[in-house]
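Just so we're on the same page: letters track the sequence lines, and every chain starts at 1.
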Amino acid sequence: MELTINQAKKWIILWTDYVKNNVELLNEIDTAIGDGDHGTNLNRGTQATKKALEEEDPQTMPLVFRTVALTLVSTIGGASGALYGTAFLTMARLVKDGETRLEVLLVEATKAMKKRGKSDVGMKTLIDLWDPASKAFAEHKLTKEYINDCVEKTKNMKAKKGRSSYLRERSIGHVDPVAKSSSYLYIALLEVID
Amino acid sequence: MELTINQAKKWIILWTDYVKNNVELLNEIDTAIGDGDHGTNLNRGTQATKKALEEEDPQTMPLVFRTVALTLVSTIGGASGALYGTAFLTMARLVKDGETRLEVLLVEATKAMKKRGKSDVGMKTLIDLWDPASKAFAEHKLTKEYINDCVEKTKNMKAKKGRSSYLRERSIGHVDPVAKSSSYLYIALLEVID
Amino acid sequence: MKKIINNIDDIVSEMVHGIVSSYPQKLKILPGTLAIARNDAAFSDDKKVGVVSGGGSGHEPLHSGYVGKGMLCAAVCGQINTSPTPDQIYEAIKYADKGQGVLLIVKNYAGDDMNFDMAKELAEFDDIKVESILVDDDISAADDAEDTQGKRGVAGTVLVEKICGAAAEQGMELHELAQLGQRVINNTKTVAVALSAATVPAVGHPGFELDDDQMEYGVGIHNERGFSTEKIAPSKQIAEELINKILKSYDHNTGDYAVLVNGLGSTPLMEQFVFANDVLNLLKEKGIKVSFTKVGNKVTAIDMHGISLTLMKLENNWIEYLEAPTDAISW
Amino acid sequence: MKKIINNIDDIVSEMVHGIVSSYPQKLKILPGTLAIARNDAAFSDDKKVGVVSGGGSGHEPLHSGYVGKGMLCAAVCGQINTSPTPDQIYEAIKYADKGQGVLLIVKNYAGDDMNFDMAKELAEFDDIKVESILVDDDISAADDAEDTQGKRGVAGTVLVEKICGAAAEQGMELHELAQLGQRVINNTKTVAVALSAATVPAVGHPGFELDDDQMEYGVGIHNERGFSTEKIAPSKQIAEELINKILKSYDHNTGDYAVLVNGLGSTPLMEQFVFANDVLNLLKEKGIKVSFTKVGNKVTAIDMHGISLTLMKLENNWIEYLEAPTDAISW
Ligand SMILES: Nc1ncnc2c1ncn2[C@@H]1O[C@H](COP(=O)(O)OP(=O)(O)O)[C@@H](O)[C@H]1O
Ligand SMILES: Nc1ncnc2c1ncn2[C@@H]1O[C@H](COP(=O)(O)OP(=O)(O)O)[C@@H](O)[C@H]1O
Ligand SMILES: [Mg+2]
Ligand SMILES: [Mg+2]
Ligand SMILES: [Mg+2]
Ligand SMILES: [Mg+2]
């Protein structure tokens, strides 16, 4: 499927609002198995993105994705900054090259993040949300319940990448913070195309 | 008056025993208005002196004073090390030059310490013991009571030299630690010539 | 939490400005970034491979204190314990490139690895040759490193920066330099102990609590707890345990070593030199030859009270690189 | 008390041995003493005035870290907070004398003053020319200095050592050197603040207690309390107060200054540079020209958490002396 420019903007802005309303929650989750900054870092990035979209008001699809990607890349920082940055830069590049099918964008973004993080499903990262969610989306089977399910499933995983991997067994019992913040992105998408 | 070699040795060794038995007391007094190390420092020096006297067993008066002076100088450290060092080096130099009158030695040692410390009576230092005690000794009027009296008098003085001078008014109310340790030297002297 | 700061959010920016305004002849900020770069006259005429590093702040003097002729061309400062962003790293790469390419020295953390990787892609897009090496000298959790993000990059980083910086200064070309750096990393092993954890300003209290008689073996430089909590031991015993752990991690212990005794932030030099004395005596007893020693706060964990020991097995002329002059303010 | 040490009585001796065995090409111990002296090849051919300093330990890297070509010839290490003995100082003087005499740089404390004075007499007895200067840069208790032992010597000492060391290296003769040193001292002013006191190992607990929200203005480097206990303030406000106090103590504030921001032992560089940033900004606002800045743990008080600010009004070519190269490990 394809998004209109307005839908694309609405999608991202809805996501930034979700993040804003859940800063403390995301920090808390990152405190349990990371360094407690994911909410703060991501909110800084998404708020900057919202502002950029409003101020620059991009009028073409490639420009929308470019604005989102470059802003996220330069404002989040940390592991999640690189990962979201990679995801949106990949999508922006594809859109610029004429690829507008959202399902392709999401699947390619997931692939790029796997490559960036030298990671795959089952390692308790955002991949455990993106991989199943992007595939379900491509198959028109994505639901809010499924999304939340994917996040929940990270709870019983042992982290193998990122800061939390050093906790080994102790990383079990908490959901992955960036899987959680990614779930907002997919939920926002569902709401926009609804 | 003059000391015999044995009296001289006995004097110093008696002093070292006084110091050894009062290490904690001297540390405590130095804690009140200084850095709390005078007992430890002096005891290190006097024990080394005792050992040197026993091991080197000097057989002439100049050698006795030389041994005491050099050992104290190299083992006490701090302000009191320089002061006791100056006193005994002065006495050793005089003895070597043929001056054997004890009253002269003590008065000259006091003068040398005043010069070394750029200090004088009334500044709450060991000078407030040495100056009156050496003079009383020269006049054959020195008693244990007088010695202790001199120490007591430092209690109400405001320190003007050394570490304690920075306490200003707060230095009042405690006796000076090195006046106290010097009182043992004069008491030991009285006991030896008794 | 007691700290000499203004607003918590401004710490890194104010610190970076403090560094460059203290040493304006040597250092400057790259516009629009928190990257500190060489500002000396010699740099403008250079035609050498650029060496760039960076990472989260809180490890000062790493990396900014190592910018200068003979070490780094630029150091990109992230927020505290947070990797810098790719755009800033990219600016540093552009500044450092003199047509001979740029070597990135990256500590092995997911955030640093991925952000430097993105910057590398951006630079390559501009036809700048870039190679990167990942420092992972912390052997305290080496056993199951494949099951984690891998070994962490800690104090040994400064030795890698010194050797690569000196070799670049002497004209080594990019690919060879990256290979040299990788060999140095392979030969460098570190373990740390903490007597008390660091206080991250935004958190406001120590990252973990130790009793008055406890110490933690194997801590990282981001308040990561270590592999065991023990009764605090005399310096000599700590030295013995760290040395044994490190020596065991080499295939064999022949040859010359460099030694780095590193204070983790609030450890007085007095303690560091007492510890260094024990380390050097024990190595001597074990017949290990030490050709180079460095002691001081070189790679810190904010205000952690603790110490790390790094050994590096020397090869070829590495000792000359270690001893080569540098303008960096903190080497 | 948590410290990385062995026996309390051995700390200084082990530290001194740790220092020289870490840097054997540069430093050695003079036999039978705890004096650290130059061991570099260049020293043996020197025909220059020797510069010697020393004092109680606990202020590392002062003085031992400043031994090297271009700074000190020798540094005599006393026990913690205790002046070294005259015989050891005398050995250092003999080592440093190349027939041109020796300058003693002494911090103004009764113990140091008198012990160095005795050593000077011993050396003069051997026909070695010796002059000495007393550093008393701490202005926090300057008002009634005649009623006390006088102003204390603190962080400014390192600047005196650098300038005199560089001038001696350039061949200045003894008497002129002492006069230069005295002028430098007259132009150097320091004030310190502490967020927490130091723990002297033999004492085992902090020298004084401050509440969680308190800081102490005017502390010394031996745990001496200062002139007032205040609510902890932002870095910028601390900088403002220290600067004002120091500037007022000069007759006038024209001319160039050197700035030293000094950590007192356990203060992370991060805080020091945040503070340096405030200091340099404020001086700029006040129209004060700063030509030289140095930031770091230069003169410490064991593990005190705090910072000192030193200003030095520059004359003639002092800036060249400050910028001259030196081999000292900690400048
Ligand atoms: N190598 C990796 N591959 C994929 N995802 C990763 C990797 N490393 C970390 N992550 C993700 O990043 C998250 C941490 O993000 P963030 O809090 O920004 O990182 P940090 O604070 O550790 O730099 C983890 O929870 C995980 O989802
Ligand atoms: N300038 C001085 N002149 C005379 N006596 C002094 C002077 N300064 C200090 N003292 C004496 O030295 C004593 C302190 O001795 P000590 O504990 O060895 O010194 P510190 O530990 O301060 O180096 C003081 O109590 C005082 O008697
Ligand atoms: Mg995090
Ligand atoms: Mg004392
Ligand atoms: Mg982080
Ligand atoms: Mg003392």
Fill in: Distance in Å, B:Ile12 CD1 paired with B:Thr49 OG1, rounded so as to fall on 0.5 Å steps
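OG1 of B:Thr49 is found 8.0 Å from CD1 of B:Ile12.
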Worksheet item: How long is the gap from CG on B:Asp17 to OG1 on B:Thr46, to the nearest 0.5 Å?
Response: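 OG1 of B:Thr46 is found 8.5 Å from CG of B:Asp17.
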Test your reading of the model: is there a side-chain donor-acceptor pair from [X] to the backbone of [Y], 3.5 Å cut-off?
{"X": "D:His59", "Y": "D:Thr300", "value": "yes"}
{"X": "D:Lys151", "Y": "D:Ala145", "value": "no"}
{"X": "B:Thr67", "Y": "B:Leu63", "value": "yes"}
{"X": "D:Lys28", "Y": "D:Ala37", "value": "no"}
{"X": "B:Asp30", "Y": "B:Gly36", "value": "yes"}

With a strict 4.5 Å heavy-atom criterion, list every residue of [range] that contacts chain D, or say none.
{"range": "residues 84-110 of chain B", "value": "B:Gly85, B:Thr86, B:Leu89"}
{"range": "residues 160-183 of chain B", "value": "B:Lys160, B:Lys161, B:Gly162, B:Arg163, B:Ser165, B:Tyr166, B:Arg168"}
{"range": "residues 111-122 of chain B", "value": "B:Arg116, B:Gly117, B:Lys118"}

Worksheet item: Among D:Val52, D:Ile128, D:Asp127, which one satisfies side chain to side chain contact (heavy atoms under 4.5 Å, CB included) with D:Asp97?
Response: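 Considering D:Val52, D:Ile128, D:Asp127, a side chain to side chain contact (heavy atoms under 4.5 Å, CB included) with D:Asp97 is found only for D:Ile128.
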Worksheet entry | Residue among D:Leu104, D:Val102, D:Ile105, D:Leu103 satisfying side chain to side chain contact (heavy atoms under 4.5 Å, CB included) with D:Ser132 |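 The passing option is D:Leu104.
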Item to complete: Check the pair D:Asp137 / D:Arg152 against salt bridge (charged side-chain N to carboxylate O under 4.0 Å, His left out), numbers first and verdict last.
Response: CA-CA 6 Å; D:Asp137 56 315; D:Arg152 300 173 297 218; over 6 Å; no
A quick test of your reading: do over 12 heavy atoms of other residues, nucleotides or ligands sit less than 6.0 Å from [atom1] of [X]?
{"X": "B:Lys158", "atom1": "NZ", "answer": "yes"}
{"X": "B:Arg66", "atom1": "CZ", "answer": "no"}
{"X": "B:Lys153", "atom1": "NZ", "answer": "no"}

Discussion item. Quick check on the interface: out of D:Val203, D:Asp87, D:Val200, who has the most heavy-atom pairs with chain B under 4.5 Å?
Written reply: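 Winner by heavy-atom pair count: D:Asp87.
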Discussion item. Taking every non-hydrogen pair under 4.5 Å, which of D:Glu121, D:His222, D:Gln79, D:Gln88 racks up the most with chain B?
Written reply: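 Of the candidates given, the most pairs with chain B belong to D:Glu121.
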Fill in: Pairing of B:Lys124 and B:Asp128 as salt bridge, 4.0 angstrom limit
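So B:Lys124 does not pair with B:Asp128 through a salt bridge.
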Practice prompt. Salt-bridge test for D:Lys189 and D:Asp138: reply yes if a basic N is under 4.0 Å from a carboxylate O, no otherwise.
Written response: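 No, no charged N to carboxylate O under 4.0 Å.
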Practice prompt. Of all the heavy-atom pairs spanning D:Ala194 and D:Met304, show the shortest one and how long it is.
Written response: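 It is CB-SD, 3.8 Å.
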Discussion item. One pair to check against side chain to side chain donor-acceptor pair (under 3.5 Å): D:Thr190 and D:Thr310. What are the steps and the verdict?
Written reply: CA-CA 4 Å; D:Thr190 301; D:Thr310 302; 2.7 Å; yes
Item to complete: Assess D:Lys245 against D:Phe227: is NZ or CZ under 6.0 Å from the centre of the six-membered ring, and within 45 degrees of the ring's axis?
Response: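 Relative to the ring axis of D:Phe227, which defines the angle, D:Lys245 lies inside both limits.
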Practice prompt. Examine whether an atom of D:Glu146 lies under 4.5 Å from a heavy atom of chain B, and if so say whether it belongs to the side chain, the backbone or both; otherwise answer neither.
Written response: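 Looking at D:Glu146, nothing touches chain B.
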Worksheet item: How about residues 108-117 of chain D versus chain B: which residues have heavy atoms under 4.5 Å apart?
Response: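 Listed by number: D:Asn108, D:Ala110, D:Gly111, D:Asp113, D:Met114, D:Asn115, D:Asp117.
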